[in-house]
Structures are given as C-alpha cells and as structure tokens.
Amino acid sequence: MPIRTVYKAQIEYLQILDEDGKLDEKLAKDTLTDEQVLFAYEFMLLCRAYDEIAFKLQRSGRMGTYPQNKGQEAAAIGSGMAAVKGRDFLVPCYRENAALFLHGLPMEKILLHWMGDERGNQIPEGVNMTPLSIPIGTQMLHATGIAWAYKMRKEDRCVITYFGDGATSEGDFHEAMNFATVFNVPCVFFCQNNQWAISVPRESQMASETVAQKGLAYGAHCIQVDGNDLFAVYKASKEAIDRARGGGGVTLIEAITYRLADHTTADDARRYRDEEEVASWRGKDPLIRLRKYLERKGMWNDAKQAAHDEKNKLQVAEIVKNAEGIERPSVDDIFDYTFGTELPAELQRQKATMRTTSLGQDPEQAGLHADRSRA
Amino acid sequence: MPIRTVYKAQIEYLQILDEDGKLDEKLAKDTLTDEQVLFAYEFMLLCRAYDEIAFKLQRSGRMGTYPQNKGQEAAAIGSGMAAVKGRDFLVPCYRENAALFLHGLPMEKILLHWMGDERGNQIPEGVNMTPLSIPIGTQMLHATGIAWAYKMRKEDRCVITYFGDGATSEGDFHEAMNFATVFNVPCVFFCQNNQWAISVPRESQMASETVAQKGLAYGAHCIQVDGNDLFAVYKASKEAIDRARGGGGVTLIEAITYRLADHTTADDARRYRDEEEVASWRGKDPLIRLRKYLERKGMWNDAKQAAHDEKNKLQVAEIVKNAEGIERPSVDDIFDYTFGTELPAELQRQKATMRTTSLGQDPEQAGLHADRSRA
Amino acid sequence: MANLTLVQAINLALTQEMEADPRVVCLGEDVGKNGGVFRVTEGLQARFGADRVIDTPLAESGIMGTAIGLAMAGMRPIPEIQFEGFMGPAYDQLVNHAARYRTRTRGAITIPMVIRVPVGGGIHAPELHSDSPEAIYAHTPGLKVVMPSTPYDAKGLLIAAIRDPDPVLFFEPKRIYRAFREEVPEDEYTVPIGKAKVVSEGTDLTVISWGASITLCLEALDSLPEDISAELIDLRTIYPIDEDTIAQSVEKTGRCVIVHEAPKTCGMGAEIATIIQEKCFLHLEAPVQRVAGFDTVMPYYKLELDYLPDAKRIAEAIGQVMAY
Amino acid sequence: MANLTLVQAINLALTQEMEADPRVVCLGEDVGKNGGVFRVTEGLQARFGADRVIDTPLAESGIMGTAIGLAMAGMRPIPEIQFEGFMGPAYDQLVNHAARYRTRTRGAITIPMVIRVPVGGGIHAPELHSDSPEAIYAHTPGLKVVMPSTPYDAKGLLIAAIRDPDPVLFFEPKRIYRAFREEVPEDEYTVPIGKAKVVSEGTDLTVISWGASITLCLEALDSLPEDISAELIDLRTIYPIDEDTIAQSVEKTGRCVIVHEAPKTCGMGAEIATIIQEKCFLHLEAPVQRVAGFDTVMPYYKLELDYLPDAKRIAEAIGQVMAY
Ligand SMILES: Cc1ncc(C[n+]2csc(CCOP(=O)(O)OP(=O)(O)O)c2C)c(N)n1
Ligand SMILES: Cc1ncc(C[n+]2csc(CCOP(=O)(O)OP(=O)(O)O)c2C)c(N)n1
Ligand SMILES: [Mg+2]
Ligand SMILES: [Mg+2]
C-alpha cells in the first residue's frame with residue numbers, strides 16, 4: 001500500500017437554538033432546564049446593562065479603555081454555566097465578564113481593573129479564576145498548568161480558558177494546546193471567535209476554514225458551535241468539561257460569535273468594517289434570540305423586560321458607586337506587593353523617599369555627604 | 001441542519017521504494033532518472049563518510065559538539081534535489097548537511113561551524129541558504145519571510161525549510177506556518193521526523209498521531225512520506241515546490257526517518273532508548289535500501305562501493321585538512337562584524353585594549369588620570 | 001516646513017522613505033487599514049497598497065521573525081510592535097537572530113530593519129502598555145536603539161534608522177505622540193544615530209534624559225532658582241551612547257542628574273553614571289544622581305504618575321546634587 | 001558532609017526538597033529519563049517518578065507558562081531552561097507574568113517557582129550556549145536572581161530559592177559545574193538570598209564578581225604583588241543587590257574592580273559601580289573599573305577565551321586601579 005491514508009478528521013458544527021429562537025428539541029434534551037434558561041437570560045441582561053454603563057463611564061472620562069462584551073454574552077454564560085462554581089477554574093481573557101460574574105467575581109472588580117486599579121485583579125479567596133489577561137494568548141498556558149496541578153493531585157476539577165480568534169495566532173496558543181494534550185490535563189479551550197482581532201478579520205488572521213480545526217494538530221477534540229446560541233454553547237462546554245474531568249481529553253471549542261461594539265473604547269471600528277456586516281449580526285444578538293425563545297414559551301414579556309431593565313439599572317449604578325467609591329490606592333501599594341518577603345533595602349529607600357525624590361537615596365546619608373563635602 | 005460537518009481532512013502516507021529496495025514503478029514514474037538516483041546514492045555515501053569523520057574529529061578533541069546526520073540522508077538529498085540550485089533557497093536546521101552541500105555549500109563550512117568558527121556560517125555569494133540554526137524552531141519564520149520577499153517581488157523562486165519533530169512544539173513553528181499560509185508565500189516546510197528530540201520520543205512530544213496533521217491547522221497541504229525513501233521524498237518535495245512557486249499554497253511534509261546516532265556527540269542515547277529500536281531502524285537505513293535497489297538494477301556492485309569508499313575517504317580528508325588548515329580567526333573579528341557602520345567609540349576602545357584589559361578605557365586617558373591623581 | 005506632532009513627523013518619514021525605496025515595507029498588527037492603533041501609519045496603506053503596508057496576524061514573534069526573513073532577502077522591513085509590553089514574544093527573534101546575524105555570518109547575511117515600538121507611561125493605558133525597556137536592548141550587542149523626544153528628531157532619526165544597515169529599535173514615546181508640535185522640514189534629512197543633543201547649555205549641572213522625560217526636565221529646569229545654570233542633554237540615541245557629549249558636559253559642570261522612566265536598577269542611568277565616573281572622575285563634585293522609575297512593576301494607571309519621574313522630583317534631585 | 005561538585009550539590013538540594021515537599025516538581029526538556037543535558041537532575045525521575053520529574057515538549061514558553069500555572073495552583077515547580085540562550089522564547093511568560101503576578105493581583109495570586117538555567121561561557125559549546133543575561137533580569141522588577149559560585153552556596157541558595165514565595169532565577173555557571181569539589185553538609189541548610197559573601201578580606205581594593213568568574217578572580221588575586229591587599233566579594237545574589245556588603249568594603253578600600261562575563265554596557269557592573277559612587281563617593285580613590293565581556297555578540301568558541309575576562313585582565317585592571 002504505497003499510498004495510504006494515515007489520518008482522517010472532521011469538524012462538526014452545532015446549533016440548537018436558531019436565529020429565530022426556534023429550538024431543536026432533540027438536541028436540547030438534557031441541556032438546560034427552563035429555570036436555567038430564564039436565569040441565563042436575566043443574567044445576560046444584567047451583564048449587558050453593565051457593559052453599556054462601562055462604556056459610558058469611559059466616554060465620560062470616569063474610566064480608562066474598556067472592551068465591550070456586547071454580543072458575546074451567550075458564549076460566556078453558556079460555557080460558564082457548564083463549569084461548576086467553586087470547583088472548576090476559569091482563566092479568562094477580557095471579553096467574558098459574564099462567566100466571571102457567574103463564578104462569583106464581585107462585579108465592581110472588572111470596573112476597578114479598567115479604572116487602572118490592581119485591586120480589580122485581587123480575586124477573593126474561594127473565587128476560582130485568574131484576573132483579566134492583557135497580553136493576548138498568554139493565559140492558556142496558565143490554564144494548562146493549573147489543570148496539570150489538578151491532575152497531579154488527582155483533584156476532580158477542570159479548567160476552562162477563554163481567548164479570541166486573534167489569540168490563536170500566538171505561539172503560546174500552540175504550546176498550551178500541545179502541553180495540555182501531551183499531558184492530558186483537564187482543560188477546555190474556549191475560543192470566542194468574534195470574527196475580528198481589532199481591525200483584522202478572521203480570514204486575514206488565518207488561512208484555515210475554521211478555528212476548531214486548529215485543535216486537530218494536537219489530537220484534541222474539536223467542535224464548532226453557534227456562539228450566540230446558549231444551548232449549543234452549554235451543551236458543547238458541558239460535554240467537554242465532563243470529558244476533561246474524566247481524563248478523556250482536551251477539547252477546543254470554537255464559538256462563532258460577533259463583536260457588536262468597537263474593539264475597545266479606544267477603537268473606531270467604522271474605519272475598517274462595514275456597517276452592513278455589523279447590521280447582519282445585530283439580528284443574531286444572543287439576547288434577542290433568547291428573548292424570542294422565552295416569549296414563545298410564555299416565560300417572558302414586555303413587562304418583565306421593563307422590570308428587569310429597571311432593576312439592572314439600579315444594580316449597575318450601585319456597582320459603579322462601589323467601584324468609584326473605593327479610596328484611592330495607597331502609593332505604598334506600588335512597593336508592597338513586589339515580593340512576599342521583606343522589601344530589599346533599596347526598595348525600602350525608594351518607598352520612603354518616593355514623594356520627595358526618586359533618588360532612592362537615604363536622605364540622612366545625603367545630608368551627611370552634603371555636610372562632609374562642605375567641611 | 002443543527003449538526004453539520006464543516007470541515008473534513010485526511011493525510012496520506014507515501015512510499016515508493018520499500019525497505020527491500022523494491023520500487024513502485026507507477027508511483028516512481030516521472031520522478032528520478034537512473035542517473036539521478038546513482039548520483040544521489042554516491043552523494044549520500046560521501047555525506048555519510050563526512051559524517052563519520054566529523055564524529056571522529058569530535059571524539060579526538062579536534063572539533064566541538066557535532067550532531068550526526070546518519071540515517072537521514074535520503075530526506076536531505078531527496079528534498080534538496082527537488083529544489084533548484086541557485087534559484088530556490090534553503091533554510092536549514094542542522095541535520096540536513098547533504099541538502100546544503102548539494103546546493104553548493106563548501107563542505108568545510110559545516111566543520112568550521114562546529115569547530116566554533118563563525119566563518120562556517122559565511123555563506124558564499126550565490127549559495128542560497130542561511131547557515132545552520134541553533135535555536136530550535138526559529139528558522140521557519142525566516143524562511144517564511146524570505147519566501148514572502150520573493151512573492152512581493154514576483155520572483156519565481158521558492159524556499160524550503162528544515163526542522164525536526166521536536167521543533168514543531170515551538171510557538172515559532174505555529175507562527176511561521178500561519179504567516180506562510182495567510183500570505184500564501186512560496187515556502188515548503190520539511191519536517192525530518194527522526195522520532196527523537198534528544199531524549200524525548202515523538203509520542204511524548206505531541207499527542208497527535210502524525211506531524212503532518214499539524215498543517216491542517218493552517219489550511220496547508222500536508223503529506224507524510226517515508227523519509228528514508230529517496231523517491232517518495234523527492235516526489236513529495238517536487239510537488240510541494242512546484243505548487244508553492246505557482247502560488248498554489250504551502251505544504252508541510254513529514255518525512256518519517258530515524259536518528260541512527262546519538263543526538264550529538266555530547267549525548268549518550270543509550271540512556272534513554274532501546275538498542276532494539278535502533279536495531280530495527282538500522283535495516284531501514286536509506287543507503288542500504290538504495291544500494292539494494294541499484295544492485296538489483298545492475299547499477300552498483302561491491303567494486304564500485306569500494307572505489308567510492310576510498311575516494312570519499314580521500315575527499316573528506318581533504319575537506320578536514322581545509323577546515324583545520326584555516327588560520328585562527330583574528331580576535332578583531334569579535335568586533336568587526338557587530339555593525340555595518342563605523343564601530344562606536346566604546347567598541348573601538350574595547351577592541352584596542354582587549355589584549356591587555358577589558359576596561360575599554362582609553363589607555364592614554366587612564367595614564368593621564370593616574371598622573372593627575374598623583375599630582 | 002510644517003508644524004507637526006511626533007506622530008505626523010514619523011508618518012511623514014515613513015511616507016517619504018517608502019516613496020523613495022520600494023524595498024521598504026511596513027508590517028504589524030492593525031498598521032494597515034486601521035492605520036495603527038496610534039494612527040502612526042495612517043494613510044500609508046491607501047497610498048502604497050496592502051502589499052507594502054501589511055496587516056499581520058496577531059503574533060509578535062511571527063512579525064519579528066518574518067521581518068528578519070524579509071530583510072535577509074533584500075527588503076527593508078519596518079515591523080511595528082503595538083506596545084512595548086508585547087515585545088516579549090518577539091524577544092527571542094530580536095535578540096537571538098536580528099541582533100546576531102551579521103556577526104554570526106561574518107557579514108554574509110545582514111538584517112537592515114527598523115522595529116517601531118511605542119514606549120513609556122503617562123497615557124492612562126492598561127497594563128503592559130506603559131513600560132520602558134530600553135536598557136534591556138542597550139545591553140544586547142548588535143542592536144542600535146533610538147528614542148526621539150521631538151518631531152524634528154523623530155523624522156530625522158527614523159530616516160537614518162531606515163537607511164542604517166543593521167536592526168534599529170525605534171522607540172516612540174507615546175506620551176508625547178501628540179503633546180506638542182514643531183516645525184519639521186518637508187525635505188528629507190537625517191539626524192545621525194549615536195549623537196546626543198545639548199538642548200540647553202549650562203555650567204553648574206548636567207541633566208541627561210531622553211524621550212518623554214525631556215519635556216519634564218525642561219519643566220524642572222524652568223522651576224529652578226535663577227542662579228542654577230543647568231545643561232540639558234537629550235540622549236536621542238540610547239545605544240551607542242554618545243559618551244563624548246556626556247563627558248564634555250560633566251567635565252564642565254561636575255554634577256549630573258539622569259532621568260528615565262524605566263526602573264532604576266540596571267537602567268540606562270546606571271550605565272551613564274558609570275561612564276561619567278570612568279571619564280570624569282576628577283571633575284565630579286557630587287555623586288551622579290538618578291531620577292527613575294522604581295524597582296517595582298509599573299503600576300496600573302491610578303498610580304502611574306506616582307511612579308513616573310516628574311518635574312518636581314527632577315528639581316528636587318537637582319537641588320540635592322547642587323547642595324552636595 | 002560529602003565532597004561534591006556544583007552539579008552534585010544542586011542535585012542533592014533538589015532531592016532533599018522534593019523529598020520534603022510533595023509540591024515540588026521538576027520539568028523541562030530532557031530533565032527526566034536523561035537526567036538533564038548536564039546530568040543535574042540525574043536519578044531524580046527514577047526516585048520520584050515521571051509525574052514529578054517531567055520531560056516536556058520542546059517549547060520554552062510552554063515550560064515557563066505551565067510552570068506559572070502549576071505555581072498558581074499551589075505547586076512548587078522548578079522549570080529548567082536547557083541553556084540561557086533559550087530563555088528567549090520564555091521571556092514573555094517570565095517577565096510579563098511570573099514577575100508580575102503578585103503585584104498585579106495585590107497578593108491574591110503568587111508564583112513560587114525556581115527557574116534553573118545553566119549560564120555563561122568557557123565550555124566550548126555551540127552558539128547561544130554561552131551567554132550571561134543576569135542584568136536583564138535584575139532590571140526586571142518582581143524577580144530575584146541568584147548565581148552560586150561554589151557547591152556549598154549552590155545547595156544553600158537553591159533550597160532558599162525553592163522556599164522563597166516568589167519566582168527566583170537560579171543561574172548555574174556551567175563552566176564550574178564540575179570544575180572543583182567542596183565539602184557540602186548532608187543536612188539541609190539555606191544560604192540567604194540577598195547576601196553577598198566576602199571571600200577574602202583585604203584593605204587596598206575591592207573586587208566584586210559572581211559565578212564562574214570568582215575562580216578567575218581568585219587566580220588574579222594570587223598573581224598580585226604581595227603588597228596589594230585585595231578584598232574579594234562574591235555577590236551570590238544578583239538581585240536584590242547586597243549594597244551594604246559592597247559599600248562597607250569600598251568605604252574601607254576606596255577602590256573597586258567589578259568582573260563579569262556579560263557585555264559591559266548596561267551589565268551588572270554599571271549598577272554596582274553606580275551604587276558605589278552613590279554610597280561611597282567621598283571614599284573613592286579611583287574610578288570603579290569594569291572587567292567584562294565586550295559589547296559584542298559572544299563569539300563562537302574559537303574566540304571565546306578572548307572574549308571572556310580572565311585572570312590576566314583582572315590583574316591588569318587591579319593594577320590600573322591601584323596605580324590611579
Ligand atoms: C501579545 C499582545 N499583542 C498585542 C496586543 C494588542 N491587542 C489587544 S486586543 C488585540 C486583538 C485581540 O483579538 P482577539 O484575540 O480576537 O480577541 P477579541 O479582542 O476579538 O476579543 C490586540 C492585537 C496585546 N494585548 N497582546
Ligand atoms: C530553543 C531551543 N531550545 C532547546 C534547545 C536544545 N536542543 C538542541 S537540539 C534539541 C532537540 C531537537 O529535536 P528535533 O527538533 O526533533 O531535531 P533533531 O535534533 O531530532 O534533528 C534541543 C532540545 C535549542 N537548541 N533551542
Ligand atoms: Mg476576536
Ligand atoms: Mg527529532
């Protein structure tokens with residue numbers, strides 16, 4: 001057999017709730033209960049409200065750069081719900097706020113982060129996640145390492161890590177997938193393919209037809225899902241997490257979604273993408289879709305929507321108040337978390353003298369010298 | 001269609017000349033002429049002789065660390081013959097000497113390199129290649145860049161880059177494949193999968209069944225070939241090169257071969273691999289196989305072999321003489337190739353004073369100060 | 001002549017060099033259609049096409065490594081790394097290949113390229129968008145490193161860098177990208193790599209700085225008592241260091257303050273202070289002082305102004321050195 | 001007590017800490033079955049199993065990044081980077097994550113890990129196997145950097161590093177891996193991070209060095225005229241720098257020579273010389289001198305001994321400083 005096929009693969013795409021809010025009942029079986037769906041929708045509304053306020057905070061000069069999550073809520077929540085709060089661990093990028101909130105991150109933390117305050121990253125004890133990750137593509141290696149520790153200690157836990165389509169171009173993505181599969185650690189790789197990496201569309205980011213097929217390089221399980229479909233995201237994530245925890249292997253999930261807003265508040269997407277494209281995706285907004293579904297099932301109506309909008313407004317206002325109300329961090333913080341051990345002498349001096357001079361010189365010694373040179 | 005297949009792929013394995021030296025005539029059609037095969041075999045013999053002498057040079061303390069090429073000659077020559085000397089460009093790692101020699105690299109250069117002499121990397125004008133690359137996995141990006149320049153300038157040329165199975169774990173491999181496919185540059189990625197990366201076997205290096213399937217992540221053409229089969233290597237390389245030059249896309253070739261020797265002369269492979277395994281591969285030695293084939297065709301016999309062995313011994317001795325006969329490099333060389341512009345003042349001083357002191361201080365000035373401090 | 005910001009001056013230099021030399025290409029994340037996140041490459045893709053102003057995938061090692069390949073093959077690539085914090089993934093290609101290829105091949109293969117990178121703090125950016133890594137690369141043999149502090153110098157240094165036969169790191173202090181304008185000649189000109197500039201002459205003390213801190217030094221100098229005559233040197237080129245200009249000045253003044261944003265320990269201040277004590281030992285009236293970032297991670301922006309040297313600190317240090 | 005080489009002392013420290021603390025794991029290329037290319041981890045996999053002494057894929061960023069994750073999750077990973085030249089791909093993870101996590105999260109997430117890396121020249125190795133990057137990491141806030149010069153210190157410093165709550169770069173001077181033996185206590189002990197050692201006392205001049213160069217300094221000191229009394233300081237910890245030991249010595253001697261393999265410009269010598277002129281200005285009788293690698297790429301091995309400081313150069317510098 002001088003020519004023979006040594007490898008075969010295929011990638012499936014999963015959709016359960018279509019754009020009109022119609023559910024594939026068969027596929028939906030054993031996924032989410034009505035209560036869960038309702039909860040998810042309400043949570044998405046809250047997160048959307050949060051997102052809009054964050055945007056406004058930036059626009060009014062009360063916060064720095066902020067990357068809106070708008071349009072990607074189903075991907076974040078669906079996957080987040082598949083992981084078990086307090087048991088599993090999340091390693092995020094910066095566009096899945098909803099998953100983090102779901103797993104217990106106090107909501108003001110994200111605002112604090114974007115307000116230029118490290119306390120936004122001070123994850124409370126018992127909340128299982130790393131903070132937002134700024135350098136693209138780097139966090140998947142941490143996820144792999146954490147999952148590896150679980151495996152070493154035979155803990156029945158799993159890690160899910162988030163990243164964008166652009167992030168899959170970084171070498172670290174490759175190394176993380178490879179380490180994860182070689183050591184078969186309980187880690188799920190969740191790509192939010194929102195079609196853009198700032199101004200670069202997916203087709204210019206990669207020559208492959210899908211992100212999902214990148215997982216074939218590592219012998220990982222690969223699946224593409226409609227990322228704006230709560231059910232599909234949940235189902236794929238749940239299967240991947242269960243498999244991972246059982247030692248059954250690593251999964252790469254490609255969630256097809258769309259970044260409805262600018263890349264960040266520092267960006268102006270009109271420079272590089274057509275309004276038409278954006279418009280076509282607005283109809284696929286996961287919130288609209290889920291509302292249609294719930295309405296059809298008689299679980300939602302305008303009154304409920306209005307009540308929730310009102311409630312969310314208040315809740316988010318409260319969160320903003322908390323974030324803005326926090327005292328300015330102490331300048332000592334610049335030094336005090338550099339090491340877990342006693343501050344080296346030079347750093348102690350820098351800390352002691354920082355308000356007056358950056359010399360880091362012992363003021364007494366400086367005075368002494370001054371005397372002696374005059375003598 | 002809520003579940004649908006969005007991607008399908010398969011990888012083929014190609015063998016034309018089997019381990020017994022039997023040729024699949026159909027597949028061999030339009031590959032190599034008898035003259036070419038004879039030439040290749042003779043060249044492989046020369047390279048093997050070179051390799052053994054290089055080993056001995058190290059063992060007798062006349063050369064530093066050396067990585068033997070033994071067993072991988074068919075992969076190097078088969079691919080090298082598919083590229084056009086003086087037109088195409090080679091970006092090697094360090095285990096494909098034969099391809100470099102074939103494309104015009106003076107044979108003493110490789111010895112010089114391992115003798116700790118940068119002149120071994122001083123590729124002559126008109127010889128189209130980069131020097132041996134020490135940091136694993138990094139050179140494929142250069143290959144991609146060079147091929148990109150060809151494309152930009154619309155030159156009808158192609159680049160072929162070599163690397164090991166271990167190298168495919170590095171992030172740079174991933175980025176190189178991605179850039180190459182995204183910009184569709186005329187570049188062929190040639191992996192010498194010799195089953196080991198120092199002490200790490202392929203199965204511990206990656207969880208994928210093949211190296212070839214890694215190319216699927218980029219939408220590249222992928223093929224696995226018997227790397228000890230000159231015909232298969234040539235055919236796959238030729239097709240890949242022709243396709244690349246025509247703008248038809250990037251190919252990842254996985255050549256299955258085996259590192260018959262230690263990783264380098266600094267290594268002792270008995271620490272980590274079984275003699276049995278090595279023995280099983282000895283029979284697959286590309287030289288043995290090709291000899292069988294040629295003998296069967298009446299193109300080779302013991303007398304020819306003896307004559308060539310003798311001739312090669314002399315030729316290699318001459319190469320060694322050239323490499324060892326070269327004058328010691330000037331210490332000025334440490335400085336003179338740092339920049340293409342005039343040496344900065346400090347470097348001029350370091351160069352001027354290097355034999356006496358590393359201060360880099362102007363001796364005159366030092367003297368001046370000494371005077372003044374005494375005054 | 002036109003009254004330009006630093007961003008515009010760089011854009012002009014790029015435009016003119018691309019116009020003059022078909023080998024010059026720009027590549028990086030979002031440099032094309034979007035014109036760069038700071039709009040430094042604005043309009044270039046429209047003018048020169050997507051083959052010469054190239055949006056790359058999101059991979060810094062890929063950008064640096066393919067740029068090296070382009071340079072090897074006779075192009076004059078100008079890769080952009082979007083922020084200095086993202087040089088990390090490109091470090092290996094830059095340091096182990098770009099910087100070494102000429103000497104590794106004894107001149108057979110060279111890497112003429114300019115790596116453009118916005119650097120420094122003060123713009124209220126997220127983490128890893130505010131660092132100052134120049135000393136790392138000054139310690140890396142085979143690289144040249146420049147950092148302009150004015151639009152005029154930016155244009156002239158960039159043109160010099162593009163024409164230089166070796167890899168040049170071109171650091172752009174983002175804090176002053178649009179902070180002020182300056183008359184910049186329309187014609188092409190170069191500012192030589194390796195030459196510092198005496199910004200203002202003085203006799204009592206030398207202040208040495210570069211990049212965005214020059215503005216702060218000027219502010220500090222303005223605040224000094226009339227009887228202190230300070231000389232301000234803008235290093236402009238971080239490596240190779242213009243020792244002559246430094247030594248001449250400190251031999252005259254006998255006192256020196258060095259200002260930079262990067263952490264103090266092993267920063268450029270250490271090298272310059274050491275050069276001064278080597279070259280001007282008998283002229284020194286006081287220890288050379290450093291006003292620098294702290295030896296801590298650059299804080300998020302709520303505290304960044306507490307971290308960065310400011311005019312007050314600089315003036316304070318000058319006062320201390322003068323009082324010594 | 002046993003008479004051990006540096007390699008053996010490190011191996012012993014690893015063995016004892018792995019024995020004592022199940023959280024400690026070693027990972028890297030070829031560290032397992034092969035025992036490391038320098039045999040530093042020899043026997044560890046046989047003793048502790050392939051789950052604690054782990055052969056990783058060939059990917060330094062992967063090694064560093066997953067080690068960070070392991071540390072986050074409560075393990076005490078000891079990644080090995082096979083040679084200092086291959087830290088390049090791991091640079092981003094080390095500098096932008098390992099070094100920053102504690103301060104980034106205000107103490108919520110910390111990275112206790114020790115990165116072991118053979119460094120330095122002199123062993124006739126191929127390219128990128130002979131560099132000395134310590135200054136780069138001393139300039140990186142959030143990292144501690146140590147480099148032993150003796151088997152005793154190697155064991156003690158490594159144990160201290162493993163127990164340290166933060167990332168510690170443990171540089172192993174490969175030139176003296178097996179160059180000599182020393183009595184090393186069987187019991188566990190620590191050598192504190194941040195404390196230099198006065199190797200030999202003297203009154204006329206201070207020589208400061210670390211790693212493999214200490215041996216050369218001793219050689220140089222031996223060759224000095226009887227009437228020169230030199231004090232030799234082994235820095236041992238590169239960061240944080242033990243300024244007190246340095247300042248005390250130079251206040252006494254008034255003269256100083258610093259010796260290191262790394263390129264001179266922006267090397268550790270610059271920082272130490274600057275600290276000295278800051279702290280001992282009025283005591284200095286001569287400029288502090290640096291005997292260092294050149295500001296060139298480390299040459300291939302035919303010329304490496306011309307590049308590296310040797311006893312002769314050190315003695316020459318001492319002579320010059322004494323004659324000043
Ligand atoms: C290593 C690195 N390079 C560049 C950047 C600048 N940058 C921030 S976000 C971004 C695009 C990310 O795209 P993607 O991964 O698709 O995520 P998305 O923003 O679309 O959610 C870039 C280039 C960065 N933060 N880190
Ligand atoms: C970046 C980098 N990391 C580590 C090394 C050390 N090293 C040299 S060769 C090698 C194994 C390479 O394996 P492979 O790519 O399969 O090539 P082979 O030697 O088998 O031909 C390693 C780890 C290196 N040279 N470069
Ligand atoms: Mg995206
Ligand atoms: Mg191999």
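In what follows, chains are A, B, ... by sequence order, proteins preceding strands, each numbered from 1.
- Both the backbone and the side chain of Asp333(A) come within contact range of chain D, with heavy atoms under 4.5 Å apart.
- Only the side chain of Asp166(D) comes within less than 4.5 Å of a heavy atom of chain A; its backbone N, CA, C and O stay farther away.
- For the residue pair Ser237(A)/Ser79(A), the side-chain donor-acceptor check at 3.5 Å is not satisfied.
- Only the side chain of Asp164(D) comes within contact range of chain A, with at least one heavy atom under 4.5 Å from a heavy atom of that chain.
- Relative ring orientation between Tyr66(A) and Trp114(A) is described as perpendicular, the plane-to-plane angle rising above 60° on a 0-90° scale split at 30° and 60°.
- Options Gly107(D), Pro57(D), Pro22(D) differ in how many heavy-atom pairs under 4.5 Å they form with chain A, and the most are formed by Pro57(D).
- For a residue to count as touching a neighbouring chain, one of its non-hydrogen atoms must lie under 4.5 Å from one of that chain's; by this rule Phe183(A) touches chain D with the side chain only.
- The contact between Asp92(D) and chain A is made entirely by side chain atoms (from C-beta outward), counting heavy-atom distances below 4.5 Å.
- Looking at Met75(D), the atoms closer than 4.5 Å to chain A (heavy atoms on both sides) sit in the backbone and in the side chain alike.
- Neither the backbone nor the side chain of Ile241(D) has a heavy atom closer than 4.5 Å to any heavy atom of chain A.
- Side-chain contact of His142(A) with Gln93(D): a donor-acceptor pair under 3.5 Å is present, judged by distance alone.
- A side-chain donor-acceptor contact under 3.5 Å links Ser169(A) and Gln205(A).
- With a 4.5 Å cut-off on non-hydrogen atoms, Leu27(D) touches chain A through its side chain but not through its backbone.
- Stacking of Lys155(D) on the aromatic ring of Tyr189(D) is not recorded, the 6.0 Å distance cut-off and the 45° axial limit not both being met.
- Contact annotation for Glu118(A): both backbone and side-chain heavy atoms come within less than 4.5 Å of a heavy atom of chain D.
- Below 30°, between 30° and 60°, or above 60°: for Tyr239(D) and Phe339(A) the angle between ring planes is between 30° and 60°, a tilted geometry.
- In terms of non-hydrogen atom pairs under 4.5 Å with chain A, the most contact-rich of Ala67(D), Ala99(D), Pro112(D), Gly62(D) is Gly62(D).
- Only the side chain of Leu347(A) comes within less than 4.5 Å of a heavy atom in chain D; its backbone stays farther off.
- Donor-acceptor pairing under 3.5 Å is lacking for the side chains of Lys197(D) and Thr245(D).
- Side-chain contact check for Arg157(A) and Tyr150(A): at least one donor-acceptor pair (N or O, by modelled atom type) lies under 3.5 Å.
- Highest contact tally toward chain D, considering only Ala345(A), Gly340(A), Ala149(A), is held by Gly340(A) [criterion: heavy-atom pairs under 4.5 Å].
- Contacts of Ser133(A) with chain D are made by side-chain atoms alone, with heavy-atom separations under 4.5 Å and no backbone atom involved.
- For the residue pair Asn34(D)/Gln45(D), the side-chain donor-acceptor check at 3.5 Å is not satisfied.
- Heavy-atom pairs under 4.5 Å with chain D peak, among Pro329(A), Gly120(A), Ala176(A), Pro131(A), at Pro131(A).
- Although no hydrogens or angles enter the test, the distance criterion places a donor-acceptor pair under 3.5 Å between the side chain of Arg104(D) and the main chain of Asn96(D).
- Looking at Met129(A), the atoms closer than 4.5 Å to chain D (heavy atoms on both sides) all sit in the backbone: N, CA, C or O.
- If you look at Phe89(A) and His103(A), their ring centroids are not closer than 6.0 Å.
- For chain A, the nearby parts of Ser61(D) are the backbone and the side chain; heavy atoms of each come within less than 4.5 Å.
- Contacts with chain D were tallied for Ile123(A), Val91(A), Thr138(A); Thr138(A) has the most, counting heavy-atom pairs under 4.5 Å.
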